[in-house]
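A, B, ... follow the sequence lines: proteins, then strands. Residue 1 opens every chain.
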There are 2 protein chains.
Amino acid sequence: MQQGHMNAQLLAYEKIRDQILNGTLAGGTKLVEERLAEEIGVSRTPIREAIRRLEQEGLIQKKRVFKPSRTDLIHLFEMRILIECFAVKKAAKYMTEEELIQLKETIVRARNSKEAEVVAANKEFHDMLVKQSRNPLMIANLDKMKAVIYLFSKAVVFNKRPMLIDEHEDIYHAIAARDGERASQLMEQHLQSDLQFTLDLHVLD
Amino acid sequence: MQQGHMNAQLLAYEKIRDQILNGTLAGGTKLVEERLAEEIGVSRTPIREAIRRLEQEGLIQKKRVFKPSRTDLIHLFEMRILIECFAVKKAAKYMTEEELIQLKETIVRARNSKEAEVVAANKEFHDMLVKQSRNPLMIANLDKMKAVIYLFSKAVVFNKRPMLIDEHEDIYHAIAARDGERASQLMEQHLQSDLQFTLDLHVLD
DNA sequence: ATAAAATATTTTGTATACATTTTTTATTTA
DNA sequence: TAAATAAAAAATGTATACAAAATATTTTAT
């Protein structure tokens, strides 16, 4: 959490967002402007703007902390698959040798580290690929979605799904071989597995 | 323009949005809260909320009416193609006979009407298909994008591209034949042609 | 006359008061 | 007791005043 020129709005936005993501504000909680204003120490005005923003990002819906259902997650992943498969095809076409080395590097790092570092490396793998879409719209879209996806899976200790890194490696090889179609197929399977894994951990709904 | 329970916010939102879409507020124009407040006859507070919303929809950027560049339009269409091709595959799988009749109906209407009615029928064709994605996220996304796409092509008299209806018909036949792959390919070509047509009409940039 | 500094003006950000609506609680009635 | 209604409280919507920041304008020095 960095603090640029901290105006009240940004402060409110970041504080509320953090509380939602780390679970302090649980899914379904009603957000009361005055309560938040008092807690954060600003007036209602910037709180409102922050809430509007979070509403647009999907983290708040109808004044309540969004609690994604299984169906919501499935929809999110449908969209995610569309974008990441597109990106991966572009990657196969346009990624430079240097970029490929960097990509490979995230896999090596994921194998040789543990805990948070693994998660960070895997995240970087996906981020690098999404960037290859060269489409700011898609990048921004996916960014928003990730917050909601995280919201759903935050209970899931940490992405420790078996085979995850192997799948990344397969995707990498397909890209390096400039086989966009195959990379896309592999990415789809990879994300479907991720979705299934997440759904399985939330038996109730 | 219908008026539900007209609160100041909605009023402001709709008025500003309309002015952007119909060109009264030209691309690049700086939006001054006080000016708008006076004109619309509400205070600055609801104006601000309306602006935030329009910012999120992409119609306003950094306090100015968004003026999409050719590149922006290309990005928009990349995203649009992704979603509509996805939708069309689902349509081929799941559309009922009744729905297919309705779809066909939009084509007949487009052939036998003129002016605004043709445009409406063509729009309905796409809307019906997008709905087949059965994914609220995609539907909402496309809806936002359409406003911006319209913003770009509003100077373009009205969608009178030759072959447009024939292409719709081809897509319809592919769907009716339950050939999702082909429907998707046809939809992609169709939208690429639309993009090209729109770009060609804006020689300057 | 030009560039820099100082000043004035406009515009946005924030707090606050009050109006309106929504939600909750209490009360009445069947 | 349960449903319906009325009263109270709470929360949101809106207007407005003032503060801070960003822009535009004038002044000054070179």
Side-chain angles (χ1 to χ4, degrees), chain A residues 1-21 23-67 140 144 148 151, chain B residues 1-21 23-67 140 144 148 151:
Chain A
M1 202 217 275
Q2 59 8 10
Q3 59 160 64
H5 341 112
M6 252 330 180
N7 55 10
Q9 242 175 100
L10 247 184
L11 182 82
Y13 168 77
E14 290 187 355
K15 283 225 175 183
I16 297 171
R17 190 185 138 100
D18 284 352
Q19 290 193 5
I20 292 174
L21 291 181
T24 310
L25 283 167
T29 309
K30 180 135 174 265
L31 293 172
V32 176
E33 294 172 8
E34 213 159 358
R35 219 196 110 284
L36 290 167
E38 188 163 12
E39 185 195 312
I40 295 173
V42 298
S43 85
R44 269 179 58 213
T45 312
I47 296 287
R48 300 190 109 227
E49 311 244 342
I51 289 179
R52 296 283 170 277
R53 203 168 145 193
L54 291 163
E55 262 171 353
Q56 285 308 54
E57 290 181 14
L59 248 36
I60 294 178
Q61 276 186 21
K62 294 152 34 97
K63 313 277 164 197
R64 282 172 191 282
V65 177
F66 182 46
K67 202 187 168 209
K144 280 191 206 168
V148 181
L151 189 62
Chain B
M1 199 216 274
Q2 63 359 14
Q3 59 160 62
H5 347 107
M6 253 329 184
N7 55 11
Q9 243 175 100
L10 248 184
L11 182 83
Y13 168 75
E14 290 186 356
K15 285 225 175 183
I16 298 171
R17 190 185 138 102
D18 284 352
Q19 290 195 4
I20 292 175
L21 291 182
T24 310
L25 283 167
T29 310
K30 182 139 172 259
L31 294 172
V32 177
E33 293 172 10
E34 215 158 357
R35 218 195 111 287
L36 291 166
E38 188 162 10
E39 184 195 314
I40 295 174
V42 297
S43 84
R44 270 179 58 214
T45 313
I47 296 286
R48 299 190 110 226
E49 310 243 343
I51 290 179
R52 295 285 171 276
R53 204 168 144 194
L54 291 162
E55 263 172 352
Q56 285 308 55
E57 290 180 14
L59 249 36
I60 295 178
Q61 274 185 23
K62 292 151 34 94
K63 313 273 163 201
R64 282 172 191 280
V65 177
F66 182 45
K67 206 189 165 204
K144 279 192 208 169
V148 182
L151 190 62

Undergrad: Side chain of Val42(A): nearest nucleotide among dT12(C), dA15(C), dT12(D)?
TA: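 Nearest nucleotide to the side chain: dA15(C).
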Undergrad: Looking at dA15(D), dT12(D), dG13(C), which one has an atom nearest to any side-chain atom of Glu33(A)?
TA: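 Minimum distance to the Glu33(A) side chain belongs to dT12(D).
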Undergrad: Using only side-chain N and O atoms of Arg35(B), determine if any of them is under 4.0 Å from OP1 or OP2 of dT12(C).
TA: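 Checking dT12(C) against Arg35(B), no side-chain N or O comes under 4.0 Å of OP1 or OP2.
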Undergrad: Inspect the contact between Arg52(B) and Glu55(B) and indicate whether a charged nitrogen and a carboxylate oxygen are less than 4.0 angstrom apart.
TA: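 Answer for the salt bridge query: yes.
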Undergrad: Would Glu57(B) and Arg17(B) count as a salt bridge (Lys or Arg N to Asp or Glu O under 4.0 Å) if you check the C-alpha gap in whole Å, the side-chain angles of each, and the deciding distance to 0.1 Å?
TA: CA-CA 10 Å; Glu57(B) 290 180 14; Arg17(B) 190 185 138 102; 3.5 Å; yes
Undergrad: In whole angstroms, how far is the P atom of dG13(C) from the CZ atom of Arg53(A)?
TA: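 Spelled out: CZ on Arg53(A) to P on dG13(C) is 12 Å.
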Undergrad: Examine distances only and state if a side-chain atom of Arg64(A) and a backbone atom of Gly28(A) form a donor-acceptor pair shorter than 3.5 Å.
TA: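 Side chain of Arg64(A) to backbone of Gly28(A): a pair is present.
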Undergrad: Using a 4.0 Å heavy-atom cut-off across all strands, classify Arg64(A) as base, sugar-phosphate, or nothing.
TA: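 The answer is nothing, as Arg64(A) stays clear of every strand by at least 4.0 Å.
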Undergrad: Ignoring the backbone of Thr45(B), work out which of dT12(D), dT16(D), dT11(C) is nearest its side chain.
TA: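 It is dT16(D).
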Undergrad: Which nucleotide, dT11(C), dT16(D), dA11(D), lies nearest any side-chain atom of Ser43(B)?
TA: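 That would be dT16(D).
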Undergrad: Taking all non-hydrogen atoms of both residues, which atom of Arg53(A) and which atom of Gln56(B) are closest, and how far apart?
TA: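 Scanning both residues, the minimum pair turns out to be O-NE2, 4.3 Å.
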Undergrad: Which part of the nucleic acid, if any, lies within contact of Leu31(A), taking any heavy atom under 4.0 Å across all strands shown: a base, the sugar-phosphate backbone alone, or nothing?
TA: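 Contact class for Leu31(A): sugar-phosphate only.
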Undergrad: Of the nucleotides dG13(C), dT11(C), dT14(C), which has the atom closest to the Pro46(A) side chain?
TA: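 Of all the options, the side chain of Pro46(A) is nearest to dT14(C).
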Undergrad: Which atom names give the shortest non-hydrogen contact between Ala12(A) and Pro46(A), and what distance separates them?
TA: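 Here Ala12(A) and Pro46(A) meet closest at CB-O, 4.2 Å.
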Undergrad: Atom CD of Glu34(B) to atom P of dA17(D): distance rounded to whole Å?
TA: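 From Glu34(B) CD to dA17(D) P: 11 Å.
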Undergrad: For the pair made of CG in Leu10(B) and P in dT20(C), what is the distance, rounded to whole Å?
TA: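 Nearest whole value for this atom pair: 18 Å.
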Undergrad: Send over the distance from Arg48(B) CZ to dT16(D) C1', rounded to a whole Å.
TA: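 After rounding, the gap between these two atoms is 13 Å.
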Undergrad: Rounded to whole Å, please give me the gap between CD in Glu49(B) and P in dG13(C).
TA: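 Between P of dG13(C) and CD of Glu49(B): 13 Å.
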Undergrad: How many Å lie between NZ on Lys63(B) and P on dT11(C), as a whole number?
TA: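 So the NZ-P distance, Lys63(B) to dT11(C), works out to 13 Å.
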Undergrad: With sugar-phosphate meaning primed atoms plus P, OP1 and OP2, does Leu36(A) contact a base, only sugar-phosphate, or nothing at under 4.0 Å between heavy atoms?
TA: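 Since no nucleic acid heavy atom lies under 4.0 Å of Leu36(A), the category is nothing.
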Undergrad: Measure CZ/Arg44(B) against P/dA19(D) and give the value in whole Å, please.
TA: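 Atom CZ in Arg44(B) sits about 15 Å away from atom P in dA19(D).
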Undergrad: Over how many whole Å does the gap from Ile47(A) atom CD1 to dG13(D) atom P extend?
TA: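 Atom-to-atom, Ile47(A) to dG13(D), this comes out as 14 Å.
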